[in-house]
Protein chains: 2
Amino acid sequence: MDVKFNNRDPVYVQVIRHFKEQIATGLFEPGQEIPSRRELANQLKINPNTAQRAYKEMEEQGLIFTEGNLPSRITKDEQVLKMVREELILEAVDAFVHSVRSINLPLHEALTLVQNTYERE
Amino acid sequence: MDVKFNNRDPVYVQVIRHFKEQIATGLFEPGQEIPSRRELANQLKINPNTAQRAYKEMEEQGLIFTEGNLPSRITKDEQVLKMVREELILEAVDAFVHSVRSINLPLHEALTLVQNTYERE
DNA sequence: TATACTGTATTAAGTGATTAATACAATAAA
DNA sequence: TTTATTGTATTAATCACTTAATACAGTATA
């Protein structure tokens, strides 16, 4: 568990983003335990309340669930896990296409640039 | 002059972004007059100080210049104008490639999705 | 000349989001 | 039965951004 933070977005948003990327990549098993709020806060050097904020939102979104005072877990609903990946993809593509349009960058140039950038390193 | 604001980013940042997109698209002549702070504020329904904040940063970045108390103008340095476009392109491509990598999306899938999304509408 | 524009600067207040401090109840384990 | 760890809730403090209220000097225009 390691996240590099930027200063633009709220920390709790970046934490959620990180979990979603892990889910989208299939690094979490359905039902898998995740670190406690305090443990995550320690690992990432953030405030426990910030971790709680992130987990609370993830729970509201159905990404994780909590039974009693047991450690929270990744949802067992594989449909939800699948949707996370598709949402991230959709967001990335939409944002890129929007940018490309806003500056009148021809499609083939955009595609070429993506390809070249992707391939180097 | 028409900007649709989101609630995530500071207004003055979005104003700068808008001007950069105009420049990148070639909608501004080098040396062209731009609206006064007060006029822009009226058009966009924002506070004059917010407009001033945006212009001040653009001036610091060399995008616009001001002589005496005359209306500010787009820089005459065409090299700078060219760089604006390239920076926006670079940012967009980098962000997209980064997203694609973070979720292990195969390159050809990414390219196909961009193409399809671009073509519809 | 007077009026209405420019740009610029200072200071203060307000607002919402974010983070922080702290406490409490429940459960598991030593 | 303690002790430590869990999740949760409440309240306070902090911070960036925005807005606001003015003021001043220079310039164009009526």
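Numbers restart at 1 for each chain; the letters A, B, ... are given by sequence-line order, proteins then strands.
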Closest approach to the side chain of B/Asn49, judged atom by atom: which nucleotide of C/dT19, C/dG7, D/dA21 is it? D/dA21

Selected nucleotide, minimal atom distance to A/Val11 side chain, candidates D/dT8, C/dT19, C/dG7: C/dT19

May I ask you to check if B/Arg101 and A/Tyr118 form a cation-pi contact, with NZ or CZ under 6.0 angstrom from the six-membered ring centre and within 45° of the axis? yes

Base, sugar-phosphate alone, or nothing: which one does A/Tyr12 contact when heavy atoms must sit under 4.0 Å apart? sugar-phosphate

Among C/dA21, D/dG7, C/dG7, the nucleotide that comes nearest once only the side chain of A/Asn47 is considered: C/dA21

Most 5' of A/Gly68 and A/Thr50 on DNA chain C, judged by nearest nucleotide: A/Thr50

Looking only at the side chain of B/Glu39 (C-beta and beyond, no hydrogens), which of the listed nucleotides C/dT8, D/dT19, C/dT6 gets closest? C/dT6

Quick test of your reading of the model: are B/Asp9 and B/Arg17 salt-bridged, counting only N-O distances below 4.0 Å? no

Counting only side-chain nitrogens and oxygens, does A/Thr66 get under 4.0 Å of the OP1 or OP2 atom of D/dG7? no

Please report the distance, rounded to the nearest Å, between CZ in A/Arg38 and P in C/dA23. 13 Å

Spacing of A/Glu87 atom CD and A/Leu90 atom CG [to the nearest 0.5 Å]: 8.0 Å

What's the closest nucleotide to the A/Arg37 side chain, out of D/dT19, D/dG7, D/dA23? D/dG7

In terms of the angle between their ring planes, are B/Phe19 and B/Phe28 parallel, tilted or perpendicular, with boundaries placed at 30° and 60°? parallel

Measure from CG on B/Asn42 to P on D/dA20 and round the result to the nearest Å. 12 Å

Using a heavy-atom cut-off of under 4.0 Å over every strand shown, decide if B/Glu67 touches base, sugar-phosphate, or nothing. nothing

Starting at atom CZ of A/Arg53, determine the distance to atom C1' of C/dA21, rounded to an integer number of angstrom. 17 Å

Record whether the side chain of B/Asn69 comes under 3.5 Å of the base of D/dA28 through a donor-acceptor pair of N or O atoms. no

